[in-house]
Amino acid sequence: EFVRIRLSELFDTTNFFAARYNAQNNTLKKMHWVDEVDDFVEWDAAISFSGYVVQTGKTLLLNKQEIGKLAADQNIPITGTPAECWLGVPLVVDKKTIGVLVIQSYTDPKAYDSSSAMLFEQIARDLSVFIEKTTILQHLNLAIKQAEESEEKFRTLSENSPAIIYRILLQPKPAFDYVGPIITQITGYTPEEIYADFNVIYKIIHPEDRMIYESAKQKTHGEPSVLRFIRKDGKTIWVEQRLLLLKKRRMQLWRFRVTC
């Protein structure tokens, strides 16, 4: 949703979806879907325009007339409500198509043009890397959860991770229980600086995003949230974080882990 809102500053994203491709059964499954008319969860890539984008690995920009022609030429049934203008781009990682990004307008036949397509392609390239990294982080979170049964395994995994991993104790008072060494490379702050002053975290998190951070603490099931970090040198970077509850004591949050 964050990506869609940002894109809306560039062109109409009223009807937008991102879908992940499953090569084993040749299907697409929505990752995010916002649409005025239709809603699909999973569909056959072989009989859809989004699937055609995946199969060809190429951007597809169509008006309503072109949609009908391509459907007839490629024997693709038109499911859902036909758009006046449709733009789809592949999500590609290491020359492998992992999904598709689509925007469409039901009212404006000139909603998107070749310039829109070029910009959308660039956004799709950036988003592909982000999605792949998110998948890696999900696997990493599972591995860490298993490794935490042994503190030694947890530290070995964390200290060799490309992601920032830290744990926070909230009782008896907030304090960092563990901070992975990669944090220095990403933020400029050393683990020692963070251990010494818990409030350093609020220097790192962008002031406008602190509410996102605090809100994420209430979820505690690993849901992702996107926010900005301010490096020690003043540069701003975007990160995705996942907070996971590790232990409860007397029904109060005692410790959680963050991966970003």
Side-chain angles (χ1 to χ4, degrees), residues 1-62 66-67 70-71 74 76-83 85-105 111-112 114 116-142 162-163 222-226 238-242 259-260:
E1 180 62 12
F2 173 81
V3 173
R4 186 186 74 85
I5 292 172
R6 287 293 182 183
L7 287 177
S8 68
E9 299 171 5
L10 305 172
F11 32 64
D12 182 11
T13 59
T14 305
N15 303 287
F16 166 96
F17 71 83
R20 189 73 185 253
Y21 178 60
N22 185 329
Q24 291 184 335
N25 55 18
N26 197 29
T27 58
L28 283 158
K29 186 174 183 179
K30 73 175 182 182
M31 294 184 288
H32 189 73
W33 185 289
V34 177
D35 195 281
E36 296 173 297
V37 183
D38 299 323
D39 187 17
F40 295 93
V41 176
E42 190 170 9
W43 59 98
D44 189 343
I47 53 172
S48 64
F49 292 107
S50 49
Y52 186 77
V53 171
V54 170
Q55 291 165 10
T56 61
K58 296 180 180 179
T59 295
L60 193 60
L61 173 62
L62 303 169
E66 291 167 334
I67 288 173
L70 182 64
Q74 298 295 326
I76 301 173
I78 298 178
T79 55
T81 307
C85 191
W86 192 96
L87 174 60
V89 296
L91 296 169
V92 181
V93 174
D94 294 331
K95 298 182 180 181
K96 179 181 178 182
T97 302
I98 64 169
V100 63
L101 204 60
V102 172
I103 48 177
Q104 56 188 327
S105 173
Y112 316 110
S114 58
S116 305
M118 290 177 63
L119 183 57
F120 208 36
E121 287 173 349
Q122 180 58 55
I123 291 165
R125 284 193 287 270
D126 295 340
L127 186 60
S128 297
V129 174
F130 180 79
I131 291 170
E132 189 67 10
K133 182 178 179 181
T134 298
T135 302
I136 292 170
L137 287 177
Q138 288 172 341
H139 291 303
L140 179 62
N141 269 316
L142 178 61
E223 298 94 334
S225 55
V226 178
W238 288 94
V239 300
E240 178 191 82
Q241 70 166 12
R242 292 171 181 265
T259 308
C260 55

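Here the CD1-SG distance, from I67 to C85, works out to 8.0 Å after rounding to the nearest 0.5 Å. Here T79 contributes atom OG1 and I47 contributes atom CD1; the two are 7.0 Å apart, rounded to the nearest 0.5 Å. Here CG of N22 is found 4.5 Å from OG1 of T27. Values are rounded to the nearest 0.5 Å.
Heavy-atom minimum distance, N26 versus D44: O-OD1, 3.4 Å. Of all heavy-atom pairs spanning L62 and E66, the tightest one is CA-OE1, 3.3 Å.
Contact annotation: the side chain of F49 never approaches that of V102 to less than 4.5 Å [non-hydrogen atoms, C-beta and beyond].
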Could you go through V53 and S48, starting from their C-alpha distance and side-chain angles, then the distance that decides it, and tell me whether this counts as side-chain contact (heavy atoms from CB on, under 4.5 Å)?
CA-CA 9 Å; V53 171; S48 64; over 6 Å; no

Stepwise, does the side-chain contact (heavy atoms from CB on, under 4.5 Å) test hold for I98 with R20?
CA-CA 6 Å; I98 64 169; R20 189 73 185 253; 3.9 Å; yes

Run the side-chain contact (heavy atoms from CB on, under 4.5 Å) test on T81 and D35 for me, step by step, so that the C-alpha distance in whole Å, both residues' side-chain angles and the decisive distance to 0.1 Å come before the verdict.
CA-CA 10 Å; T81 307; D35 195 281; over 6 Å; no

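The side-chain hydrogen bond (donor to acceptor under 3.5 Å, both in side chains) check on E121 picks up T59, with sequence neighbours excluded. In this structure F17 satisfies the ring-ring contact (aromatic ring centres under 6.0 Å, His included) test together with W33, W43, sequence neighbours excluded.
One N or O on the side chain of N15 and one on the backbone of E36 form a donor-acceptor pair closer than 3.5 Å. A side-chain donor-acceptor contact under 3.5 Å links Y112 to the backbone of D12.
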